[in-house]
Number of protein chains: 2
Amino acid sequence: MERLDELDRALLRELQYDARQTNRELAAKTGVAPSTSLERVRALRERGVIRGYRAEVDLAALGREVQAMISVRIRPPSRGNIESFREWVARLPETVSVFVTSGTRDFLIHVAVPDTDGLYAFVIDRLTERREVADVETSVVYEHLRAPAVAPVRERR
Amino acid sequence: MERLDELDRALLRELQYDARQTNRELAAKTGVAPSTSLERVRALRERGVIRGYRAEVDLAALGREVQAMISVRIRPPSRGNIESFREWVARLPETVSVFVTSGTRDFLIHVAVPDTDGLYAFVIDRLTERREVADVETSVVYEHLRAPAVAPVRERR
DNA sequence: TACTCCTCCGAACAAAATTCGGCACTGATT
DNA sequence: AATCAGTGCCGAATTTTGTTCGGAGGAGTA
């Protein structure tokens, strides 16, 4: 994969910070012409460096006040079991994201639910309906910090 | 907080799927006039329901091929220790996100580093420089699936 | 009915995205 | 040293979009 130069990196920093700023702002902040930044960003998108643009939504505002990380052990941890569980869990409405991991647990599931009842129900109703789930451990998430995308680029010249 | 109606929800779905589509597309897909969708989206942003817009970047393309979840126990788990560790770890360049959790561990840190050496170095150099870190457990992340934002809205009429 | 409050609409205007011809630079070739 | 191809960037022209705002329509109230 083609390497990224300083301009690419600056554009990525800016777009992680605010993906909806105008191309003109992007160009001004990175010190190039709008047509140049447009072309670079398009290339980054086509190369797959930028995977997409997402609105970050406040889960609490959607009525999902309680978040948790649930670690799951699958037995036996065969490819078939891992893959089918992965597909299934990623599609549940409670699921925010899924990590497939090494170690004593095979999955780490980030869920957001309306309340603690919803959390309990998720664990004892949803998860246990899967035979391959051997072990579950739930931790409530008090706070979730995203790493502040690297500080935005300051204007040049 | 003011409740969300069907239009708000449809707009959120669309913006989670693609935050860079034009307001006109948004309006067409949700069956309202562009001025209406513009006003709704602005309100959602001002209310804090939409927290921001982010480009999703392929970490491997940035040379961070290895991801891990690192759970950390802080001793004693006093407010001072928790808060200072949280601020410190969230600012490290390796950190992708930080979960403050209940249970036997106090933190879960999602990191992305160039290679396994980088991971090892993060754990034995960075983390252990903090006195309050009592215990660390590392799991390599083989795969990270984001829950597919709910299926986009189909065009009305 | 008359009134107020909202929400949404659509046309007009301002601003942005997008295209594309051409210039400048680089490196290879002769 | 001169030529040439390839590449990346620029800026003006064009197309598309964002944004504003007056007014229409509907719901609720007195």
Side-chain angles (χ1 to χ4, degrees), chain A residues 1-58 61-63 149-157, chain B residues 1-58 60-63 149-150 152-157:
Chain A
M1 178 170 273
E2 196 52 49
R3 274 203 70 68
L4 303 172
D5 67 10
E6 254 322 298
L7 177 55
D8 290 326
R9 262 184 260 276
L11 292 168
L12 290 175
R13 266 196 297 276
E14 281 299 328
L15 288 171
Q16 284 181 277
Y17 171 72
D18 178 5
R20 275 216 132 180
Q21 55 188 315
T22 67
N23 180 58
R24 292 177 122 83
E25 287 175 309
L26 227 46
K29 287 178 183 168
T30 55
V32 296
S35 51
T36 302
S37 59
L38 190 74
E39 172 54 30
R40 288 295 193 106
V41 171
R42 174 161 41 204
L44 288 169
R45 183 77 230 269
E46 274 166 13
R47 282 203 270 161
V49 178
I50 295 172
R51 295 162 53 144
Y53 303 98
R54 316 270 174 243
E56 191 180 314
V57 173
D58 179 13
L62 292 177
V150 183
V153 183
R154 274 160 302 284
E155 187 152 359
R156 285 185 187 169
R157 72 172 75 163
Chain B
M1 179 171 271
E2 197 51 47
R3 277 203 68 70
L4 303 171
D5 67 10
E6 255 321 299
L7 177 55
D8 290 325
R9 264 185 254 278
L11 292 169
L12 289 175
R13 266 196 296 275
E14 280 301 327
L15 287 172
Q16 282 180 279
Y17 172 73
D18 178 4
R20 275 217 134 181
Q21 55 190 314
T22 66
N23 181 57
R24 291 175 125 84
E25 288 174 309
L26 227 47
K29 287 177 184 169
T30 55
V32 295
S35 52
T36 301
S37 60
L38 189 73
E39 173 52 31
R40 288 296 192 109
V41 171
R42 174 161 40 203
L44 289 168
R45 183 77 172 90
E46 273 166 13
R47 281 204 271 162
V49 177
I50 295 173
R51 294 162 53 140
Y53 303 98
R54 317 269 173 243
E56 191 179 314
V57 174
D58 180 13
L62 292 177
V150 184
V153 184
R154 276 160 301 284
E155 188 150 359
R156 287 185 187 168
R157 75 174 74 166

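Convention: sequence-line order gives letters A, B, ...; per-chain numbering from 1.
Donor-acceptor pairing under 3.5 Å, judged by distance alone, is absent between the side chain of A/R24 and the base of C/dA15.
With respect to A/D8 and A/R47, a salt bridge is recorded, a charged nitrogen being found less than 4.0 Å from a carboxylate O.
End-to-end axis angle of the helix from C/dT1-D/dA30 to C/dT30-D/dA1, using five pairs per end and rounding to 10°, comes to 20°.
OP1 or OP2 of C/dC8 lies within a sub-4.0 Å distance of a side-chain N or O belonging to B/R40.
With contacts defined as side-chain heavy-atom distances shorter than 4.5 Å, the pair B/L15/B/L26 qualifies. In this structure the side chain of B/R40 reaches within 4.5 angstrom of the side chain of B/D5, judged on heavy atoms.
Computed from coordinates, the A/K29 NZ to C/dA16 P distance equals 13 Å when rounded to whole Å. Spacing between atom CD of B/E25 and atom C1' of C/dA16 amounts to 15 Å, rounded to whole angstrom units. Rounded to whole Å, the distance from CG on A/N23 to P on C/dT18 is 8 Å. With rounding to whole Å, B/Q21 atom CD is found 16 Å from C/dA17 atom C1'.
Under the side chain to side chain contact (heavy atoms under 4.5 Å, CB included) criterion, A/E25 pairs with A/Q21, A/T22, not counting sequence neighbours.
Within the 4.0 angstrom heavy-atom criterion, base atoms lie near A/S35. No engagement by B/R20 is indicated, since no non-hydrogen atom pair under 4.0 Å with the nucleic acid exists.
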